[in-house]
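We're numbering straight along the sequence, starting at 1. Whatever order the structure lists ligands and atoms in, that order sets their numbers, starting from 1. For the numbers below, each heavy atom of this structure counts, side chains included, while hydrogens, waters and symmetry mates do not.
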Amino acid sequence: MTTAKRNLQRLATMGESSEEWKSSTKRETLGSLEIELQRLLKTASPDEVKYWEREFSGFRNLFSRYLRAKAAIDWPKIMPLPENAIKSYDSLTEGDPLTIKDRLSKLVVIKLNGGLGTSMGCKGPKSVIPVRNDLTFLDLTLQQIQFLNWAYGVNVPLVLMNSFNTDDDTAKVLRKYANVQVDVHTFCQSRYPRIDKETLMPVVKDLKDPDLENWNPPGHGNFYESFYNSGLLDKFINEGKEFCFLANIDNLGATVDLNILNFVMTDESGGKVEQPEFVMEVTDKTRADVKGGTLIQYEDRLMLLEIAQVPKDFVDEFKSVSKFRIFNTNNLWAKLSAIKRLVESNAIDLEVIVNPKHLASGLNVIQLETAAGAAIKNFKGACGINVPRSRFLPVKKTSDLLLLMSNLYDIDGGNLTLSALRSFPTTPLVKLGSSFDKVRGDDVLSGGSDIRWMLCYLCAVSLINNPHYSKVTVQSLYF
Ligand SMILES: Cc1cn([C@H]2C[C@H](O)[C@@H](COP(=O)(O)OP(=O)(O)O[C@H]3O[C@H](CO)[C@@H](O)[C@H](O)[C@H]3O)O2)c(=O)[nH]c1=O
């Protein structure tokens with residue numbers, strides 16, 4: 001009798017729920033996966049065997065957590081956040097001005113640079129899309145750090161976590177920063193096999209097959225392990241660095257904040273309160289914040305809840321701003337020695353997010369991912385800080401980009417601030433028709449811009465400058 005038939009029989013006789021059924025069949029898959037991974041390893045070129053062994057060890061770990069995990073979050077178990085879970089940003093101070101330099105010298109800035117510009121119709125890394133005056137996310141990020149280093153006479157390094165999708169292109173682009181006064185380091189996150197949705201086995205059959213469709217970067221939660229494996233974590237600890245500030249490269253509001261830096265590095269309680277090893281910057285949720293994550297209290301712990309983990313029936317409730325009032329900006333501060341301790345003891349236990357995809361070949365696959373903020377529950381004394389919206393300027397769609405392209409924001413030293421000429425403290429809600437989904441039709445690395453997009457931009461700039469408009473809706477333009 002086949003495994004599937006045996007399971008069917010068990011289901012009929014034991015009256016198992018469909019969730020239990022799914023879990024039990026998944027568990028039986030682990031053995032088959034092991035055989036498949038061993039077979040795949042034999043197809044690796046001899047000089048890459050060690051690399052693949054390490055990647056598969058991480059993948060095996062993630063896959064078995066996926067098999068062990070309960071299928072969905074138990075919605076009624078979500079509790080209101082405890083009172084002290086989220087600190088108010090206004091309660092923080094910069095601390096002693098004479099020691100700011102000392103604190104900055106113990107900081108490392110890390111930007112998550114594994115994402116592509118595909119959602120805005122671009123090939124290549126998202127970070128090389130021009131935002132303003134032909135300056136890209138990467139240019140502006142470097143300007144921000146260079147400005148900080150000049151202002152305080154320090155040398156805060158910038159680390160980029162690339163993925164196999166962005167590593168080569170980023171390396172090419174980085175050459176142009178040879179004269180910039182910022183120490184830039186890069187490392188590449190893991191590369192895990194995409195899984196056939198039906199068989200739950202890796203799609204790839206030969207490790208020499210160059211087709212990148214067979215692989216996925218396993219989410220930014222992979223940061224902790226990959227940073228450790230890169231050797232950079234140890235290097236920075238040995239140099240006396242204490243904290244890292246980690247953020248999405250597509251959030252230009254994620255600059256180094258001296259108040260939060262002082263909060264994580266200074267024990268003002270004289271040892272009475274446990275110092276936070278981890279801080280998540282959250283912000284008041286708006287109706288624009290539909291995709292992403294929020295902090296919840298679950299099974300007596302703080303937990304990041306991502307939209308992908310929300311059962312279908314509760315998605316509207318999750319998106320509402322009444323029950324879930326705050327939003328994870330993904331600006332995270334983590335103590336380097338704590339990352340080392342947790343990785344070495346295999347104690348970073350991130351919820352597995354299952355991301356279904358449909359490949360060009362027609363195959364339905366799943367990719368397993370984790371989110372960096374989910375580690376909040378593993379660090380000691382972790383908390384959230386409710387930061388002003390100016391620290392969260394995400395660019396996920398061309399409509400977000402339009403705001404940053406327009407003169408709604410002033411730029412100084414790579415930092416964006418809302419123009420004083422704007423009569424409202426809020427930004428306009430921009431809705432663009434589908435003809436403006438793409439930044440440009442060609443490769444972002446090769447330059448050249450899309451004329452329709454530029455016209456739309458010019459039109460919107462004039463709307464934004466008019467204080468009577470709080471909404472910009474451009475469905476289509478004819479010319
Ligand atoms: C999946 C993945 C992403 N990235 C990079 C690309 C982006 O710069 C950054 C965020 O990735 P996204 O896939 O866009 O994640 P996003 O949907 O924005 O969600 C994150 O950021 C949101 C705020 O924008 C938070 O509310 C969510 O809790 C958090 O998970 O991380 C990587 O470097 N590696 C990856 O594997």
Side-chain angles (χ1 to χ4, degrees), residues 55 58-59 62 109-120 122 124-129 131 136-138 140-141 158-167 169-170 186-192 194 212 215-227 230 246-254 280-286 288-296 302-310 318-319 321 324-332 350-355 357 367-377 384 387 389 391-397 400-401:
E55 291 294 60
F59 173 67
L62 184 63
V109 173
I110 296 164
K111 296 283 168 160
L112 301 168
N113 186 41
L116 291 168
T118 352
S119 65
M120 294 194 285
C122 301
K126 188 174 186 179
S127 58
V128 301
I129 296 176
V131 180
T136 64
F137 289 98
L138 203 50
L140 292 166
T141 303
L158 171 68
V159 180
L160 300 173
M161 180 176 89
N162 300 333
S163 67
F164 65 87
N165 283 321
T166 61
D167 205 36
D169 286 340
T170 304
T186 60
F187 68 96
C188 196
Q189 69 175 119
S190 302
R191 166 177 165 171
Y192 289 169
R194 280 184 164 148
L212 292 182
W215 304 93
N216 67 278
H220 37 73
N222 176 238
F223 158 72
Y224 305 99
E225 204 181 333
S226 292
F227 187 42
S230 72
L246 175 79
N248 297 351
I249 196 140
D250 59 25
N251 175 14
L252 288 169
M280 175 186 286
E281 293 184 38
V282 296
T283 193
D284 289 341
K285 189 172 171 185
T286 69
D289 304 320
V290 286
K291 226 189 117 222
T294 189
L295 261 192
I296 57 168
L302 276 182
M303 176 184 157
L304 172 72
L305 178 63
E306 293 280 343
I307 189 155
Q309 295 166 279
V310 176
F318 176 80
K319 286 184 181 171
V321 287
F324 299 99
R325 289 169 194 224
I326 50 146
F327 197 71
N328 168 28
T329 63
N330 229 26
N331 299 351
L332 310 168
L350 310 177
E351 285 76 26
V352 183
I353 298 168
V354 181
N355 190 350
K357 296 266 172 190
Q367 55 187 51
L368 303 182
E369 299 179 11
T370 56
I376 192 166
K377 63 179 195 295
V387 296
R389 188 74 188 187
R391 293 198 50 72
F392 187 48
L393 305 174
V395 178
K396 301 294 172 197
K397 297 181 292 214
D400 302 323
L401 185 60

message = Donor-acceptor pair, distance only, cut-off 3.5 Å: does the side chain of Lys126 make one with the backbone of Val395?
response =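 Yes.
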message = Can a donor-acceptor pair be found, under 3.5 Å and without considering hydrogens, that links the side chain of Asn222 to the backbone of Pro218?
response =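 No: the side chain of Asn222 does not pair with the backbone of Pro218.
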key: Reference residue Thr329; test side-chain contact (heavy atoms from CB on, under 4.5 Å); the match among Leu393, Thr283, Asp289, Val282   =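 Of all the options given, the one that passes is Thr283.
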Candidate list Thr186, Asn248, Thr170, test side-chain contact (heavy atoms from CB on, under 4.5 Å), partner Asn113, passing option =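 It is Thr170, the one option of Thr186, Asn248, Thr170 that forms the side-chain contact (heavy atoms from CB on, under 4.5 Å) with Asn113.
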Under 4.0 Å, heavy-atom basis, I'd like to know which part of [X] is in contact with ligand 1: side chain, backbone, both or neither.
X: Asp289; answer: neither
X: Gln189; answer: side chain
X: Lys126; answer: neither

task = Determine whether Asn328 and Thr294 make a side-chain contact, defined as any pair of heavy atoms from C-beta on separated by less than 4.5 Å.
result =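 SC-SC contact between Asn328 and Thr294 ruled out.
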task = Ignoring angles and geometry beyond distance, decide whether Gly292 reaches within less than 3.5 Å of ligand 1 through its nitrogen or oxygen atoms.
result =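 Looking only at distances, the answer is no, because the N/O contact criterion of under 3.5 Å is not met.
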query = If you measure every N/O of Pro394 against every N/O of ligand 1, is any gap under 3.5 Å?
reply =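 Pro394 vs ligand 1: no N/O contact under 3.5 Å.
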At less than 4.0 angstrom from any non-hydrogen atom of [X], what atoms of ligand 1 do you find?
X: Pro217; answer: 36 (O)
X: Phe327; answer: 26 (O)
X: Gly115; answer: 6 (C)
X: Asn330; answer: 20 (C), 21 (O), 29 (C)

ask   = Judged by modelled atom types alone, do Asn251 and Asn331 share a side-chain donor-acceptor pair under 3.5 Å?
value =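 Side-chain D/A pair, Asn251 to Asn331: present.
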query = Which residue supplies the protein heavy atom nearest to atom 28 (O) of ligand 1, what is that atom called, and how far is it?
reply =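 So the nearest neighbour among protein heavy atoms is Glu306 OE2, 2.6 Å.
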ask   = How far is atom 23 (C) of ligand 1 from its nearest protein heavy atom, and which residue and atom is that?
value =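 Its nearest protein heavy-atom neighbour is Asn328 O, 3.4 Å.
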inquiry  = Strictly less than 4.0 Å: does any protein heavy-atom distance to atom 13 (O) of ligand 1 fall in that range?
reply    =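 It does not; no protein heavy atom is within 4.0 Å.
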inquiry  = Looking at ligand 1, would Lys396 count as a contact under a 4.0 Å heavy-atom criterion?
reply    =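 In this structure, Lys396 qualifies as a contact of ligand 1 - some heavy atom is under 4.0 Å.
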